[in-house]
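Data first, discussion second: the structure below is written as structure tokens.
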Amino acid sequence: LLRLRQRSLEIEESRVVTISSKASLTDSAVRILGAVEAGVFREAFEIPLEDQETLPIGSERYGPGAFALEVRGDSMDKRFPSGTLLICRPFDAESERLPDNKFVIAMRRDARTDQVEATVKRLVRTASSGSYVLIPESHNPVHAPLPLEDLGEFSVYVFAVVVAAVTAV
């Protein structure tokens, strides 16, 4: 995970945020929970609480439960190069519609092992069938769209919506 202390970071909206060594965990800080694969689904993991860092940029701006994940991989390198921090808000499938043409954190759970894998992609609703597809935005042609549908023993769903990106300058 990137060491963020004493670095300047640029937010997608062209604001620059300086991360101070005095930054501490507060209710208004965004916690960096772990990493997300920009590629195929990979095992999701969370950094132990005592090792998590925070971005003191005000989680209230992004909604309750806002968190950050570091991008790893190249399937989204046109938009989010590896190392980008994505600020996300949890997605509530019971009260929200799927976010068409938005960047999302998608999860895949194996019903047999209960293993959870994650990826970041753009979620797009297809005009022909009305189904949803996870679209990569990559310079690497090996990455292909992935359907957002249950696949037998795997359930696939939107876990969070990306609301901002922070890249190193």
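The figures that follow rest on heavy atoms only: side chains count, while hydrogens, waters and symmetry mates do not.
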First locate atom [atom1] of [X], then atom [atom2] of [Y], and finally report the distance between them rounded to the nearest 0.5 Å.
X      : Y      : atom1 : atom2 : result
Lys121 : His143 : NZ    : NE2   : 7.0 Å
Leu148 : Thr126 : CG    : OG1   : 11.0 Å
Leu85  : Leu69  : CG    : CG    : 8.5 Å
Phe154 : Glu117 : CZ    : CD    : 6.0 Å
Phe67  : Leu86  : CZ    : CG    : 9.5 Å
Ser155 : Met107 : OG    : CE    : 10.0 Å

Could you check whether any side-chain N or O of [X] sits under 3.5 Å from a backbone N or O of [Y], counting only pairs where one atom can act as donor and the other as acceptor?
X      : Y      : answer
Asp110 : Gln115 : no
Thr84  : Thr167 : no
Glu153 : Ala111 : no

Mind checking whether [X] and [Y] have side chains closer than 4.5 Å, heavy atoms only?
X      : Y      : result
Asp114 : Arg109 : yes
Arg122 : Asn101 : yes
Leu98  : Phe91  : yes
Pro147 : Val133 : no
Arg31  : Leu49  : yes
Glu149 : Val156 : no

Specify the closest pair of heavy atoms between [X] and [Y], including all atoms of both residues, with the distance to one decimal.
X      : Y      : answer
Ala38  : Thr119 : CA-OG1, 4.3 Å
Gly73  : Ser82  : N-OG, 3.4 Å
Cys88  : Ile105 : SG-CG1, 3.9 Å
His139 : Asp77  : N-OD1, 2.9 Å
Leu134 : Ala106 : CD1-CB, 3.6 Å
Ser95  : Asp92  : OG-OD2, 2.9 Å

Check whether Phe103 and Ile135 end up in the same hydrophobic cluster, where Ile, Leu, Val, Met, Phe, Trp and Tyr are linked by side-chain heavy atoms less than 4.5 Å apart.
no
Out of curiosity, does Val161 fall in the hydrophobic cluster containing Val124 (side-chain heavy atoms, cut-off under 4.5 Å, transitive links)?
no
Does CD in Glu50 sit with more than 12 non-hydrogen atoms of other residues, nucleotides or ligands closer than 6.0 Å?
yes
